[in-house]
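Note on naming: letters A, B, ... go to the chains in the order of the sequence lines (proteins, then strands), and numbering restarts at 1 for each one.
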Amino acid sequence: MSHDHSLNPETMPHEPEKATLEGKNKFIGFWFFLGGETVLFASLFGTYLALRNATAGGPSAEELFGLDLVFIMTILLLTSSLTSVYAIYHMKNNDFGKMCLWFIITIILGFGFLGSEIYEFTHYIHNEGFTFTSSAFGSAFYTLVGFHGGHVLFGLCWFIALLLRNAKRGLNLYNAPKFYVVSLYWHFIDVVWVFIFTVVYLMGKVV
Amino acid sequence: MTENTSSKKVDTFQKRKNKEEMKYQLITFGLMIIFTLVAFGLVVGELMPKMFVIPTILLLAIVQVAFQFYYFMHMKHSGHEMPSVMIYGGIWAAILTVTALSVLTWW
Amino acid sequence: MKGWMGKFRALTLFGSLALLLSGCGQENLSALIPKGYGAEKSLDLIILTAIIMLFVLLIVMLVYITVLVRFRKKKGQKDFIPKQVEGNKTLETIWTVIPILLLIIIAVPTVAATFDLADESGAKDKLNVEVTGNQYWWHFNYKGQEIQTSQDLYIPTGEKVYLNMKSSDVIHSFWVPAISGKMDVNPENENTMFIKANEEGVYYGKCAELCGPSHALMDFKIIAVSPEEFDQWVKDMQNVDPKAVAEGETAKQGQTLFEESNCMGCHAIGSSPVQVGPNLTNFGERTRIAGILDHNKENLISWIMNPDSIKPGNKMDGKYPELSRDEASKIADYLLQLKPSSITAEDAGK
Amino acid sequence: MREVKVVSNAATHKRGFGAVLWDYLTTVDHKKIAHLYLFSGGFFFLMGGIEAMLIRIQLIKPNSEFLSNGLYNEVLTMHGTTMIFLAAMPLIFALMNAAVPLQIGARDVAFPFINSLGFWLFLFGGLILNCSWFLGGAPDAGWTAYAPLSTTSPGHGVDFYVIGLQIAGAGTLIGGINFLVTIVNMRAPGMTYMRMPLFTWSVFITSILILFAFPALTVGLFLLMFERMFGAGFFDASLGGNAIIWEHLFWIFGHPEVYILILPLFGLFSDLFSTFSKKRLFGYTAMVFATMLIAFLGFMVWAHHMFTVGLGPVANSIFAIATMAIAVPTGIKIFNWLATMWGGQITINSAMLWALGFIPTFTLGGMTGVMVASVVADYQYHDSYFVVAHFHYVIVGGTIFGIFAGLHYWWPKMFGRILHEGMGKLTFWTFLIGFHLTFFIQHFLGLMGMPRRYSTYLPNQGLDLGNLISTIGAFFMAFAVIVFVINVFYTAAKGEKAPADPWDGRTLEWATASPPAHYNFKQVPLVRGLDPLWIEKTEGKGKLTPSEPLGDIHMPNASILPFVMSLGLFIAGFGFIYQVDDKGWLAVVFIGMAITLGSMLIRSLKDDLGHHITKEELEREAD
Ligand code: HEA
Ligand code: HEA
Ligand SMILES: [Cu+2]
């Protein structure tokens, strides 16, 4: 009894991510997980909103934030969302090589984003003296944005692990759901960022 | 068929449909970039009084996110009924949480 | 059948007997014997809801017992297949609508009472007391009156007194069941509530939010006196001379010791705003030592010598040099002399 | 292939202790995971019960010095935390695992691996929490851990609370997702949503509650952890922080949590009343929608725990009305249960006794729930023994009665033996009497001025007698629990062997052997309506129609990885707790995380395609 046959069919089905029961389970389960993540980030956003003026004499959002870098980061992440859509497009066309290519571009953009964020944080800490413990606002800011950053990092590791593992064996019905799910995760991270740049940075600048 | 380098086939009809979808996704992306530009522009340019800016940029964010969900994450496709239920459930709980924490903590 | 009914009856009998024996609880402590505006409001709602609930419970129990009596499989009864009923629209509507109506009857007075008790519109013209909750004691600052006290809150009867409450450390909750329901005392937001006592008396207050090891020992009192007596008390308190020299040899030595041991670093006598520890202006008139022990010299000595054995985790422990029993006794003599007012808790008790 | 044979014949062979242990450490079979949940949840229930007894012994008389004040707070906190997170929840998960896949005609859950991971996370989380007893003191800020008391509590007690619950909570969350997907994707052909047994329905809705409620706790615990361990200032007024945030986050989780504790048992009672009255459930549709409505409203009422916090009259009124609204769907349920029994033929055995005891007890608890929802009245009730009475009436009278009912009901399915009836009845009656003795009087204690979480109370304040009665009642409950434990051992040794369908059941689980083969159904059944087995018994052949020809069965492989991942987090947890004292402990954090992340990586890189049980083997096995 070999699995290879059923997982590597002659023609790829239209939605390879949902072609097997395992795939369907992963697909639905991951969406549900994202529903939970929504509440997770809402709790962090709520905390941030409650504390965004609690500067305890330290620097405020208005004084700290510069929008140039944030804009660049936003574009990087939005674009990476598009590139991962491209990757899924090629997955559906059963073109493994192109899928990998677009995922690699996504990863590069993701690292660009992450690097900028690290640069931003170190800048605040060293140049502005704004740290995790300087005020309730500081704690809330680093926690919210840091949680997002952590998600980005996790997503990147996940992408890399998947690409390396499957580099030699190409696309099949066993790994298609995995690629699909990680790209869902990536879009979700982007969704969260849209709210971060709006609520944290832009609203922080509007006084 | 020629451009399909892989040994496995995908039928042409599906391929066309995928292409079409890609077109929508590109348009969506364009709109998202525009929304972002508008949001940043409004804040940097101080074009509106504060009372309007905040609701406007929030609205832009919500529309952008809807694009992500419906186009990039395919929520508009069939087979996404349960995912929609759970995402909307999550959004519901999220709204309650955010409202509570931003309204009911300081008095 | 008989067996369990019998047990059930014994159970209810025992329960009601116990209730009779204990009555409604201790006067001046029990929420069931209200002596103030808020407590009355609460009790009204408690009684209203309890009646409605007992009515619902009665209905449920009637159906329940009927079902058990009529449809229980009797001994020797043949098995049969009951009619498989899917539901019944009319019945289901009835037991949806009637509860809604009952809830409306509860909700309306609830909301009315909530707004009534939250009304702060008259606060400016009335007596305002700043209440500070501390790990394990209460501080009261009579706004605009230059009076500070701790543990015993004197108020005039028949008047609304507004309390502006904040905590200096963790969350506490101010609860004097016979006078009014409780209100939390938070570290970051000030809460305001009013209290109004109908009768003179000493009312027991409790901290109702877990605040550390000695949470259960954080008792305090409200002492309600007539408005005239209250005015007299205010005058007496305002006339206190914090530097007044104690009477009697041991008390004088006690006063010196008190100053030398740097007690004044934390405690104040008079209207000084120092409030690391309780204000001691009218210590001699307090109803309890440390909020819980009988008010006598023996207990005071034990307290001074080893506060942690009485209220674990309190912040007085270790803040001053160790005292011998003799020294503690002298300090006690001094403190028990601090009786600035002719209006005391005993008056209110009568 | 050889391996498969060993597993499938396992039940019939006597195996060594090591083999059994390894089997349970690696199992991904939902039926064995149910056993694991049952025994660890049961163990923690005994722990929580012993803590409850310590509380009651301390309060037997005024000014008692049995426990010191600080120790009392630890016992009290651990009692609440243990009972809710480590006893009630896992016991519910035990019932879910034992019944849901069988009830929907599935061979397993959607994610067997994650199911096992969820269990081990819970267990290691619970162990961390309880290690605190031996490592300098348990958490002492109440199960609600209100800041800043919890952020300033000295020692490591609260750190254990934070880490323990974080790990256990992660387990619950993934467990919830697993059941959601199982119910969405794994139902047998013909099992439409509106044909699912009510237990399955309520597990589905409960899992949605878990999905949306636990993230708020996760965040709350992270904030608490950052504040205690890394100096953040979310709740610290001197840094501009706000302690109310914690209260909101805790109760946004906490209120749905109490419905997580009750809804599965509502479902179970529906199945029970219907089975033991031999009638279909009265108002099935209404029951389903009432469950949904309770869950929906359950998210909008959390601030009723915060009426005295000072949110203002507008917020208080809104939350009071939303809270009262929950009485309506709950009432629909109570009356539908009564109507289910009406006109039926009611068999009363131990399982049914618990269900019958539940109705008056829970109704009383619900009534006091509506009473505490009446804001101004709650100014008196709040944080007094009245609330303690309320929630023990609903939690013990609902959840614990339900768990006992469920255990008596499904014990034959889980272990192939029937619990001893006589002992079952003795347990029920002593527990019921003890319960009402303990908690009924507490309503009055509260109103008479006894705040909760009081390590002691003064004499001559009218509180002595009530507390004495309460403590006596608790001893009855302890007796009852001990009888139950004896019953379990007795049954394991000498219990009556159970047939496949001992209760004349109506749902699919009774169509499998007791206990079922590890693949549950040789052929997945075809479901033709609500109460499928009943339909087949009354209108059909008395046996389920298969929906597929006999063929190979695909089963997941056992794995030790869930255990190792959880162990890694357990180790890292200690690192986190102690790195505050000595940064050297960070090494332990890294080791622990490396173990966990490493095994996650192995899991994702190593293909695990499961194995097949061949048709020939299935044919060889008797039915
Ligand atoms: C299983 C757990 C469970 C359940 C099911 C409930 C159910 C309910 N609870 Fe309870 N509750 C807790 C567990 C639970 N609770 C816990 C643990 C706490 C304390 C936590 C802590 O502080 O440590 C608490 C505290 C608590 C409070 C806060 C008290 C305080 O701290 O001041 C409130 C306030 O509104 C409340 C209300 C309710 C209500 C209205 C219901 C309703 O769902 C009840 C509905 C049921 C009925 C009403 C009965 C049946 C209905 C009928 C027969 C129909 C007719 C009825 C009417 C017309 C009224 N609960
Ligand atoms: C599922 C939840 C649950 C359950 C089942 C229980 C069960 C019990 N609870 Fe409790 N309780 C809570 C949840 C629960 N509780 C919570 C959340 C709190 C609030 C905590 C806080 O304020 O932070 C609380 C608080 C609480 C208090 C208030 C303490 C205070 O505020 O100061 C009291 C006091 O009487 C109490 C008593 C009891 C009793 C007597 C039982 C009994 O029903 C227990 C019955 C079980 C037994 C008696 C087990 C007996 C076992 C043995 C005797 C061992 C035998 C050993 C072997 C065979 C090896 N509980
Ligand atoms: Cu609640």
Side-chain angles (χ1 to χ4, degrees), chain A residues 1-4 6-7 21-22 24-58 131-140 142-144 146-147 154 157-158 161-162 164-166 169 174-175 178, chain D residues 1 109-111 114 173-174 176-178 180-182 184-186 207-208 210-220 222-223 226-227 230-242 244-246 248-249 252-253 299 552 554 556 597 600-601 604-612 614:
Chain A
M1 198 64 217
S2 135
H3 301 284
D4 274 356
S6 59
L7 291 176
L21 180 62
E22 284 73 22
K24 263 193 225 130
N25 287 345
K26 273 211 182 70
F27 167 81
I28 290 276
F30 199 78
W31 267 103
F32 293 179
F33 171 74
L34 292 183
E37 286 260 283
T38 310
V39 186
L40 185 114
F41 276 103
S43 306
L44 292 167
F45 273 106
T47 307
Y48 176 80
L49 283 171
L51 297 175
R52 72 193 191 108
N53 296 321
T55 51
T131 67
F132 187 61
T133 53
S134 21
S135 63
F137 163 62
S139 310
Y142 285 109
T143 306
L144 171 60
F147 252 83
F154 187 82
C157 295
W158 191 0
L162 271 183
L164 288 181
R165 171 69 180 93
N166 294 300
R169 54 178 186 177
Y174 180 73
N175 59 27
K178 296 190 178 199
Chain D
M1 282 305 103
V109 293
F111 306 112
I114 288 204
L173 184 61
I174 59 177
I177 294 179
N178 176 30
L180 281 176
V181 180
T182 304
V184 172
N185 272 356
M186 311 282 283
S207 304
I208 297 180
I210 292 178
L211 178 63
F212 296 145
F214 270 74
L217 178 71
T218 307
V219 169
F222 268 124
L223 302 189
F226 292 165
E227 184 131 348
F230 308 117
F234 307 103
F235 313 127
D236 181 352
S238 68
L239 285 178
N242 185 317
I244 311 298
I245 294 174
W246 166 264
H248 278 301
L249 286 176
I252 286 172
F253 147 77
F299 270 101
D552 292 357
H554 179 223
L597 292 174
M600 274 168 80
L601 197 67
S604 80
L605 297 189
K606 205 175 127 247
D607 289 359
D608 181 3
L609 299 170
H611 60 269
H612 279 82
T614 57

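Heavy atoms closer than 4.5 Å to chain A are found in both the backbone and the side chain of D:F230. Residue D:L211 touches chain A through both its backbone and its side chain, counting heavy-atom pairs closer than 4.5 Å. Within the 4.5 angstrom heavy-atom criterion, atoms from both the backbone and the side chain of D:D607 approach chain A. Contacts between A:S135 and chain D at a heavy-atom distance below 4.5 Å involve backbone atoms as well as side-chain atoms. In this structure, chain A has a heavy atom under 4.5 Å from the side chain of D:L249, while its backbone stays farther away. Within the 4.5 angstrom heavy-atom criterion, no atom of A:T131 approaches chain D. When heavy atoms are compared at a cutoff of 4.5 Å, A:L51 approaches chain D solely by way of its side chain, counted from C-beta outward. Interface remark: A:F27 contributes no atoms to any contact with chain D (heavy atom separation under 4.5 Å). For D:N185, the parts sitting under 4.5 Å from any heavy atom of chain A are the backbone and the side chain alike. Residue contact with chain A, scored on non-hydrogen atoms closer than 4.5 Å, involves the side chain of D:L601 exclusively. At a 4.5 Å heavy-atom cutoff, the contact between D:F111 and chain A is made by side-chain atoms alone. Residue contact with chain D, scored on non-hydrogen atoms closer than 4.5 Å, is absent for A:F41.
Comparing A:S139, A:A54, A:A56 by how many heavy-atom pairs each has under 4.5 Å with chain D, the most go to A:S139. Counting heavy-atom pairs under 4.5 Å between each of D:L180, D:T218, D:N242, D:I244 and chain A puts D:L180 at the top. Contact tally against chain D (heavy-atom pairs below 4.5 Å) for A:S43, A:S134, A:G46: the top residue is A:S43. Between chain D and the options A:K24, A:K26, A:R165, A:E37, the largest number of non-hydrogen pairs under 4.5 Å is found for A:R165.
Residue D:P215 comes nearest to A:G36 through the heavy atom pair CG-O, 3.3 Å, listed as atom of the first residue, atom of the second, then distance. Between A:Y174 and D:K606, the shortest heavy-atom distance links the atoms OH-O, 4.3 Å. Taking both residues in full, the closest heavy atoms of A:L40 and D:V219 are given as O-CG2, 3.4 Å, listed atom of the first, atom of the second, then distance.
A distance of 10.0 Å separates CD in A:E22 from CG in D:D608, rounded to the nearest 0.5 Å. Between the CZ atom of A:F32 and the CD1 atom of D:I177 there is a distance of 9.0 Å, given to the nearest 0.5 Å. Annotation: the span from A:F33 atom CZ to D:I174 atom CD1 amounts to 10.0 Å, rounded to 0.5 Å. Atom CG in D:N178 sits 9.0 Å away from atom CG in A:N25 (nearest 0.5 Å). Once rounded to the nearest 0.5 Å, the distance linking CZ of D:F222 with CG of A:L44 reads 9.5 Å.
Ring pair A:F147/D:F226 is tilted by interplanar angle, where 30° to 60° counts as tilted.
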